[in-house]
Participant: 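Below is a structure I'd like to ask you about.
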Amino acid sequence: MTAPPQLPAPTWFVGCGNMGSAIVDGWRVAGIDLTNVTVIRPSGKAVEGVRTVSSLPEAGVPPKLVVLAIKPQKLDEVAPELKPWITSRATIVSILAGAEVVSLRARFPAAGAIVRAMPNLPIAIRRGVTALYSEDADGALKQQLGDLFVALGWAMWTADEAKLAAIGSVAGAGPAYVARFVDALAKAGEARGLSRETATTIALETVLGTSWMAATTGEPMDSVVKRVASPNGTTEAGLAVLDRALNDLIGVTIEAAARRGAELAEEAKASPLAEPARLS
């Protein structure tokens, strides 16, 4: 049995919101040793199985790995406080949407390597998608970090930040869109007389079963549709309505997410103006 990958010691999580917590949860489920992990969050609210402190000085010796898991809008508040702790032996893994490598390097010039990671929420149960990008990580570091994120699901290194942004706009935001679809499917079931509990279960199991079947067999989505929809049948009648709007709707939805990502990137490229503030 292959041993789980190891985290560098020490590893810091600077901020630990929904996505940061999902990474911690996924690594815990994967059997990765979290002994050398410290979460820094001003509230000091405990993270299960992980040492948690409320300030950087409490964290101890400078880190070898920093998972930057704050809100993108807080980058200029946190960077001046974190910068003195970043040495040439430190790798920064940023999960901040829109904050490009050039912006991160400007704020942390001493870092040995800067890596961007775009995971999605199902990493918490090791069924996530993560895109990775770096301009200065060597082969050994890419292998080490790749192994850590593969432990959370499917992960790949991208050739450029445009590809990373593309994956982020689809996979990063995707769970929210899928959740909306499941909810809409459940509400349609309720409208046909099903209880909320039954309708939600049916909607979840339908989406899960269809996805798992296609992922297991490799069957194209169009083929799945054709196998379900009999000519002039009920499914075909529903598809006649859905197909008129779905592709365009998803297209403009992804475009809106991508546009906001580009806006965040431009905001991050601006010179830092904020005075040092507490982490959030």
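Keep in mind the model is a prediction, meaning the values are calculated, not measured.
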Participant: Can you name the residues that form a salt bridge (Lys or Arg N to Asp or Glu O under 4.0 Å) with R227, not counting sequence neighbours?
Facilitator: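 Per chain and number, R227 pairs via salt bridge (Lys or Arg N to Asp or Glu O under 4.0 Å) with E219.
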
Participant: Looking at V61, L65, V66, T38, which hits side-chain contact (heavy atoms from CB on, under 4.5 Å) with P10?
Facilitator: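 Single pass found, and it is V61.
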
Participant: Kindly write out the residues that satisfy salt bridge (Lys or Arg N to Asp or Glu O under 4.0 Å) with R260, not counting sequence neighbours, or none if the list is empty.
Facilitator: E263, E267

Participant: Which hydrophobic side chains are connected to M221, either touching it within the sub-4.5 Å cutoff or through other members that do?
Facilitator: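 Listed partners: none, M221 stands alone.
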
Participant: Considering non-hydrogen atoms only, spot the tightest contact between I70 and V14 and give its length.
Facilitator: CG2-O, 3.4 Å

Participant: Enumerate the residue pairs fulfilling side chain to side chain donor-acceptor pair (under 3.5 Å) with a member in residues 19-30, sequence neighbours excluded, ordered by first and then second residue.
Facilitator: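 Sorted result for residues 19-30: D25-R28.
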
Participant: Test side chain to side chain contact (heavy atoms under 4.5 Å, CB included) on T158 and M118; report intermediate values, then the result.
Facilitator: CA-CA 11 Å; T158 61; M118 287 288 104; over 6 Å; no

Participant: Can you list the other members of the hydrophobic cluster that holds V129, where links are side-chain heavy atoms under 4.5 angstrom apart?
Facilitator: W154, M156, I167

Participant: For residues 136-147, which residue pairs pass the side chain to side chain donor-acceptor pair (under 3.5 Å) check, not counting sequence neighbours?
Facilitator: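 Listed by first then second residue: R105-D136, S134-D136, Q143-D147.
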
Participant: How many angstroms lie between atom CD1 of I250 and atom CZ of F181, to the nearest 0.5 angstrom?
Facilitator: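 Spacing of CD1 (I250) from CZ (F181) equals 9.5 Å.
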
Participant: Rounded to the nearest 0.5 Å, what's the gap from CZ on F108 to CD1 on I92? Could you check?
Facilitator: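 These two atoms lie 5.0 Å from each other.
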
Participant: Under 3.5 Å, sequence neighbours excluded: what are the donor-acceptor pairs made by side chains of residues 206-214?
Facilitator:
{"residue": "T206", "atom": "OG1", "partner": "I202", "partner atom": "O", "Å": "2.7"}
{"residue": "T210", "atom": "OG1", "partner": "T206", "partner atom": "O", "Å": "2.7"}
{"residue": "S211", "atom": "OG", "partner": "V207", "partner atom": "O", "Å": "2.9"}

Participant: What pairs meet the side chain to side chain donor-acceptor pair (under 3.5 Å) rule with one or both residues in residues 116-132, with sequence neighbours excluded?
Facilitator: R116-E161

Participant: Got a sec: does the CG of N232 have more than 12 other heavy atoms crowding it under 6.0 Å?
Facilitator: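 Not buried by this count: 12 neighbours or fewer within 6.0 Å.
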
Participant: Can you measure from CG (N36) to CG (L7) and round to the nearest 0.5 angstrom?
Facilitator: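 Going from the CG atom of N36 to the CG atom of L7 covers 8.0 Å.
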
Participant: Got a sec, which residues hit salt bridge (Lys or Arg N to Asp or Glu O under 4.0 Å) with K83, two or more places apart in sequence or on another chain?
Facilitator: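 So K83 forms no salt bridge (Lys or Arg N to Asp or Glu O under 4.0 Å) with any residue.
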
Participant: Please list all pairs passing the side chain to side chain donor-acceptor pair (under 3.5 Å) test where one or both residues lie in residues 176-195, with sequence neighbours left out.
Facilitator: D183-K187, D183-R196, E190-R196, S195-T198

Participant: Can you list the residues that meet the ring pair (Phe, Tyr, Trp, His ring centres under 6.0 Å) rule with W157, with sequence neighbours excluded?
Facilitator: none

Participant: According to side chain to side chain donor-acceptor pair (under 3.5 Å), who are the partners of S230, at least two apart in sequence or on a separate chain?
Facilitator: none

